[in-house]
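This chain uses plain numbering: 1 for the first residue, then up along the sequence.
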Amino acid sequence: MTRCKTRVVASIGLLVDNSTSMLNKREMVVAAALGFTEMSNPEDELFVLAFNEDVSEIWQPRVIRDTNKVSLRAVLLGGIAARGKTALFD
């Protein structure tokens with residue numbers, strides 16, 4: 001993949017399924033989120049929400065350039081607990 005060459009700054013929200021069906025996919029989701037940040041404009045702002053029966057903020061909005069990737073990985077792994085049902089349309 002090539003890095004995005006546009007310089008338009010965006011606020012990006014990642015919405016992660018946090019239901020039981022994601023239990024064996026947590027590492028893959030975290031790797032994809034981290035890969036996404038590496039491909040994004042460093043000036044973009046990123047936040048992460050997780051959902052099952054409820055929606056929770058697991059990463060508050062912050063500029064990617066100022067994001068510690070080790071911290072982001074730890075927060076994502078801790079925030080994606082993979083429990084409950086998927087209630088996307090509720």
Side-chain angles (χ1 to χ4, degrees):
M1 294 185 151
T2 59
R3 185 180 187 103
C4 178
K5 295 185 194 279
T6 63
R7 292 293 170 204
V8 176
V9 177
S11 182
I12 302 164
L14 298 179
L15 184 60
V16 177
D17 184 349
N18 194 24
S19 67
T20 303
S21 65
M22 296 300 290
L23 186 60
N24 62 348
K25 299 174 181 108
R26 288 174 62 213
E27 286 286 343
M28 229 179 349
V29 169
V30 171
L34 292 172
F36 182 85
T37 63
E38 290 172 7
M39 299 298 292
S40 298
N41 181 343
E43 300 299 319
D44 287 347
E45 179 182 68
L46 175 73
F47 66 95
V48 182
L49 302 175
F51 70 93
N52 49 22
E53 288 102 354
D54 300 304
V55 176
S56 59
E57 180 181 64
I58 58 175
W59 186 259
Q60 293 183 343
R62 59 188 78 155
V63 176
I64 292 173
R65 175 192 67 239
D66 301 333
T67 299
N68 179 311
K69 303 300 189 284
V70 174
S71 294
L72 176 58
R73 184 179 192 288
V75 168
L76 289 172
L77 282 172
I80 303 170
R83 62 178 151 228
K85 297 178 181 177
T86 303
L88 185 60
F89 298 109
D90 290 352

Show the atom names and distances, to 0.1 Å, of all donor-acceptor pairs under 3.5 Å that link a side chain in residues 29-36 to residues at least two apart or in another chain.
none

* Over all heavy atoms of both residues, which pair between Ala50 and Gly79 is shortest? Give the atoms and the distance, please. => CB-O, 4.4 Å
* Asked: Given the rule that I, L, V, M, F, W and Y join up when any side-chain heavy atoms are under 4.5 Å apart, are Val16 and Val55 in one cluster?
  -> no
* Just do the side-chain contact (heavy atoms from CB on, under 4.5 Å) check on Val48 and Leu76 with the steps written out, would you? => CA-CA 8 Å; Val48 182; Leu76 289 172; 3.8 Å; yes
* Asked: Out of curiosity, Asn41 CG to Leu46 CG, how far, rounded to the nearest 0.5 Å?
  -> 12.0 Å
* Asked: Shortest non-hydrogen contact from Ser71 to Asn68?
  -> N-OD1, 2.9 Å
* Is the backbone N or O of Ile80 less than 3.5 Å from a side-chain atom of Arg26, with the two atoms forming a donor-acceptor pair by type? -> yes
* To do: Please round to the nearest 0.5 Å and tell me the distance separating atom CG of Leu49 and atom CH2 of Trp59.
  => 13.5 Å
* Structure fact -> Distance col, row Ile64:CD1 vs Asp66:CG, nearest 0.5 angstrom, shows 10.5 Å
* Asked: What distance do Gln60 atom CD and Glu45 atom CD have between them, rounded to the nearest 0.5 Å?
  -> 10.5 Å
* Contact summary for Glu43 and Val9, nearest pair of heavy atoms -> O-CG1, 3.3 Å
* Would you say the side-chain atoms of Asp44 pair up with the backbone N or O of Ala10, donor to acceptor, closer than 3.5 Å? -> yes
* Asked: How many angstroms lie between OG1 in Thr20 and CG in Asn52, if you round to the nearest 0.5 Å?
  -> 8.0 Å
* Rounded to the nearest 0.5 Å, what separation is found between the CG atom of Leu14 and the CZ atom of Phe47? -> 8.0 Å
* Asked: Given Arg83 and Glu53, is the salt bridge (charged side-chain N to carboxylate O under 4.0 Å, His left out) satisfied, shown in steps?
  -> CA-CA 9 Å; Arg83 62 178 151 228; Glu53 288 102 354; over 6 Å; no
* Least distance between heavy atoms, Asn18 atom then Ala81 atom -> OD1-N, 2.8 Å
